[in-house]
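See below for the structure under consideration.
Order of the sequence lines fixes the chain letters, A, B, ..., with proteins taken first and strands second; residue numbering starts at 1 for each chain.
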Number of protein chains: 2
Amino acid sequence: MMPLRFDNRFSKEYLPPSFDSDRARAAFLRLKAAKEEGLPVDWMTLPKDYDKEEFSRILDAAQRIRAQSEVFVVIGIGGSYLGARAAIEFLYGQEHNLSKDAPQIFFAGNSLDPDESAALLDYCRDKEVSINVISKSGTTTEPAVAFRLWRKLLEEKYGEAAKERIFVTTDQRVRPGTLRELAEQKGYECFVVPDGIGGRYSVLSAVGLLPIAVSGADISAMMHGARDAMERYRDFSMENDCVRYAMARTALYESGKSVELFASFHPRMQLFGEWLKQLFGESEGKEHKALYPASVVYSTDLHSMGQYVQEGARVFFETMLEIGAPNTELLIPDDPKNTDGLNFLSGKTLGYVNDKAQEATIAAHAAGNAPVLEVRIDKADEYGFGELVYFFELSVAISGYLIDVNPFDQPGVEFYKRNMFKLLGKPGY
Amino acid sequence: MMPLRFDNRFSKEYLPPSFDSDRARAAFLRLKAAKEEGLPVDWMTLPKDYDKEEFSRILDAAQRIRAQSEVFVVIGIGGSYLGARAAIEFLYGQEHNLSKDAPQIFFAGNSLDPDESAALLDYCRDKEVSINVISKSGTTTEPAVAFRLWRKLLEEKYGEAAKERIFVTTDQRVRPGTLRELAEQKGYECFVVPDGIGGRYSVLSAVGLLPIAVSGADISAMMHGARDAMERYRDFSMENDCVRYAMARTALYESGKSVELFASFHPRMQLFGEWLKQLFGESEGKEHKALYPASVVYSTDLHSMGQYVQEGARVFFETMLEIGAPNTELLIPDDPKNTDGLNFLSGKTLGYVNDKAQEATIAAHAAGNAPVLEVRIDKADEYGFGELVYFFELSVAISGYLIDVNPFDQPGVEFYKRNMFKLLGKPGY
């Protein structure tokens, strides 16, 4: 099996011939020193240092949830749901809920829209349901409101036994007036949102692992992929793919590009694109700096954004997320009449055609002065997901230091929350 | 009921004090003259001039499809599916397939991914299925491949009677070797992809209307909303909201912005955002010009892209898509313990909180030097959807002429198709 690889063959002409290796080394060393500075970088060693006892409780809880549930509802917002959702769609596709082998998994508490909330609550009224609420503080508005609604539903349906169906991932500390305290009083099983890991870096902690395990995925293989990536990218060198990717995207940014377009020919990567947007936008987007992170799914979006990408303003570059082989083979049937002119594809697999479309697109975009970076894994499996996660987490941290921002804070996120609490009349605002 | 309105109160400081009214008038008049130039602008009068006989056949066919189907599969790509999908999610939410009142609706033939295709085919094997294939030429790779697979499934399931379950929306002309000819030979009911309307402007033709009608929506009310908008924006003036919006976004573009971020606090607008990306990206993105169109759904994405929007590079402005009132009221329950500190919201509706979040966000972004434009409709209903469609179609056409591109071609879309056919060895390439 080939490990993850990074390729910049279609963007070389945009890169300065010798991106200053001293600068790259300085950024890398700053990251290596971040732990001593007290920054939340425990994700860097998480694939090795994770809590083995909790990991085994996650596996147990997932088994119970699968056995007792037709529907599993994950309540969380931002980093508390994007990673798990990205993993589940990556492994089982966007239509994973059509399968009969696992509970249906829905993500709630990530908006304030009453219509969607009411529809999902209605749907679940006559189903067997378990929920996982994920919130470090327990006070973030969207998940807290949703948790009130879902707890009410479960208590109406199950009475005292609701506690067997409510799983809480939250702060480790038991303090008065916290979600943790409530959970212990009620007897909900608890998992930990770690202190030393920010939300957008938390998918390989209990935050992501419990929902991913409920989907039926092998979370040990996922940690294995991340651990191999951790070893691979541990040391600074100009051949370290995380360093190379961070340098390439920073050079493109500094050459005047405004947008990094994460693209993939695999619809299963759509939510991974959303996860990347948070990881990059929140880690780098401060002090009026950074690339705007956008995403597309091809070939779908070639028929919508393709015109712009080929011939619109040259303000972006593309980072293509590639997968070696699909999980399914599907043959294109022959049509004796050949009305659609596609008999030259009869008997070929869809995967083959998709790969050729990717190859053609990269060539066309590069020829149209849209630089392309490539990140490739072998297979859409747990191991590959673990590799991707670690690769991008380490890369964005290096990138943040290259443009001299702190990749681990998010000062702007609080701004609207305070405004909203003030408008809503929350005591103290 | 209030008509759609446009507001630029949170971006005025970025606009030149007097955007040249002669320039705006010239763009508007060029659009008005486009018909005589032979350009495909029949969408401009479609809300009045649509084919009434076909419209009534659409209603009939939708009734039959609803009666005979558990699942309805729409096969199309780009403009052949985005409008219908945007409308259905706008009206019934992203989880519309959870409802038991209408057939489940899936969109196929918009990618080449074998895993997703195989999963949906499997799911449908023991369901009652009807399909609608939408393709002007019948030869676009993605829908043509999907149509082969779905026709095969239906013929295996239903034999000769499959023809009662296959609906074809395609070119009007019957020519040898076309999808139209095949449909007539097989006895499939046909609808028309009009000649004078490009794919991205076609949602109010049979292309969009048949799937939308199958969802149970009132397509007459949708045409009514579009017709009222058509009357409202018919004449040039500096108070015409389409002119004002086109001027505002062009002024922001010319002041150095690279990205227009379509934002909404309503998850039901997510696919409408995708529809907008095609409409704007494909209409304007040529000659190395135009804003990069991106989209977000709030408050969800405030917890991912919020940091960037508040404090990242000032390369974008926001166009906020607002809806006056939700379709459902959902009260926030009280919690005697108030662990989450949200009792100040007890008894309030989710819709109220969502509106306040929107208000707070707009103020925070404007204060953070991110200009905001606002487009507001009263209600997420068919009438409002018709208004929105016409408003944005007319606005993008004016915008295109303001930056001096042809808003009705898409020369770059063909580029990758030719590359792909060559790589795949298609005869003649």
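Interface remark: A/Thr178 contributes backbone atoms only to the contact with chain B (heavy atom separation under 4.5 Å). The contact between B/Leu331 and chain A is made entirely by backbone atoms, counting heavy-atom distances below 4.5 Å. At a 4.5 Å heavy-atom cutoff, the contact between B/Lys152 and chain A is made by side-chain atoms alone. Heavy atoms of B/Phe147 lying under 4.5 Å from chain A are absent altogether. When heavy atoms are compared at a cutoff of 4.5 Å, A/Glu287 approaches chain B solely by way of its backbone atoms N, CA, C and O. Only the side chain of A/Gln185 comes within contact range of chain B, judged by heavy atoms closer than 4.5 Å. With a 4.5 Å cut-off on non-hydrogen atoms, A/Asn97 does not touch chain B at all. With a 4.5 Å cut-off on non-hydrogen atoms, B/Tyr92 does not touch chain A at all. Contact of B/Tyr292 with chain A is made through backbone and side chain together, with heavy-atom distances under 4.5 Å. In this structure, chain A has a heavy atom under 4.5 Å from the backbone of B/Leu179, while its side chain stays farther away. Both the backbone and the side chain of B/Asn343 come within less than 4.5 Å of a heavy atom in chain A. Within the 4.5 angstrom heavy-atom criterion, only side-chain atoms of A/Tyr81, from C-beta onward, approach chain B. Proximity to chain A (any heavy atom under 4.5 Å) is restricted, for B/Glu142, to the side chain, taken from C-beta onward. Both the backbone and the side chain of A/Val353 come within less than 4.5 Å of a heavy atom of chain B. With a 4.5 angstrom heavy-atom cutoff, B/Arg148 touches chain A via backbone and side-chain atoms both. Contacts of B/Gln94 with chain A are made by both backbone and side-chain atoms, with heavy-atom separations under 4.5 Å.
For the pair A/Thr349 and B/Pro114, the minimum side-chain heavy-atom distance is 4.5 Å or more. Side-chain contact between A/Glu95 and B/Tyr123 is absent, with no heavy atoms from C-beta onward closer than 4.5 Å. Put simply, the side chain of A/Val145 reaches to within 4.5 Å of the side chain of B/Leu350, judged on heavy atoms. When side chains are defined from C-beta on, A/Leu112 does not count as touching B/Tyr352, because their heavy atoms never get closer than 4.5 Å.
The greatest number of non-hydrogen atom pairs below 4.5 Å with chain A, out of B/Thr339, B/Asp115, B/Val315, is found for B/Asp115. Ranked by heavy-atom pairs shorter than 4.5 Å toward chain B, the options A/Arg268, A/Lys100, A/Glu181, A/Lys348 are led by A/Arg268. Taking chain A as the reference chain and counting heavy-atom pairs below 4.5 Å, the highest number among B/Ser137, B/Pro293, B/Ser80, B/Gly138 is found for B/Pro293. Your options are B/Gly306, B/Ser258, B/Gly93, and the one with the most heavy-atom pairs under 4.5 Å with chain A is B/Ser258. Of the residues considered (B/Leu291, B/Asp340, B/Asn419), B/Asp340 shows the highest number of contacts with chain A, using heavy-atom pairs under 4.5 Å. Across A/Phe415, A/Phe265, A/Phe280, A/Tyr298, the residue that shares the most heavy-atom pairs under 4.5 angstrom with chain B is A/Phe415. For the set A/Met420, A/Gln104, A/Met305, A/Lys277, the entry with the most heavy-atom pairs within less than 4.5 Å of chain B is A/Met305. For chain B, the option among A/His266, A/Glu329, A/Lys337, A/Glu274 with the highest count of heavy-atom pairs below 4.5 Å is A/Lys337. The candidate from A/Leu302, A/Thr361, A/Leu342 with the greatest count of non-hydrogen atom pairs under 4.5 Å with chain B is A/Leu342. Contact tally against chain B (heavy-atom pairs below 4.5 Å) for A/Ile332, A/Asn327, A/Leu182: the top residue is A/Asn327.
The structure places OG1 of A/Thr141 at 7.0 Å from CG of B/Leu345, a figure rounded to the nearest 0.5 Å. Atom CG in A/Leu330 sits 6.5 Å away from atom CG in B/Leu121 (nearest 0.5 Å). A distance of 9.0 Å separates CG in A/Leu424 from CD in B/Glu359, rounded to the nearest 0.5 Å. Note that NE2 of A/His303 is 3.5 Å distant from CD1 of B/Ile77, once rounded to the nearest 0.5 Å. Rounded to the nearest 0.5 angstrom, A/Asn354 CG and B/Asp113 CG are separated by 6.5 Å. Once rounded to the nearest 0.5 Å, the distance linking NE2 of B/His288 with CD of A/Gln310 reads 8.5 Å.
Around atom NZ of B/Lys127, more than 12 heavy atoms belonging to other residues, nucleotides or ligands sit under 6.0 Å away.
Of all non-hydrogen atoms in A/Glu282 and B/Ser304, the two that sit nearest each other are OE2-O, 3.7 Å. Across every non-hydrogen atom of B/Val413 and A/Gln307, the tightest pair is N-OE1, 3.4 Å. Here the closest non-hydrogen pair linking A/Gly341 and B/Lys426 is O-CE, 4.0 Å.
In terms of modelled atom types and a separation under 3.5 Å, the side chain of A/Asn110 and the main chain of B/Thr300 share no donor-acceptor contact. Side-chain atoms of B/Tyr308 come within 3.5 Å of backbone N or O of A/Ala290 as a donor-acceptor pair.
Under 4.0 Å is where a charged nitrogen must lie from a carboxylate oxygen, and between B/Asp335 and A/Arg151 at least one such pair does.
Classified by interplanar angle (parallel below 30°, tilted 30° to 60°, perpendicular above 60°), the ring pair A/Phe344/B/Phe421 is perpendicular.
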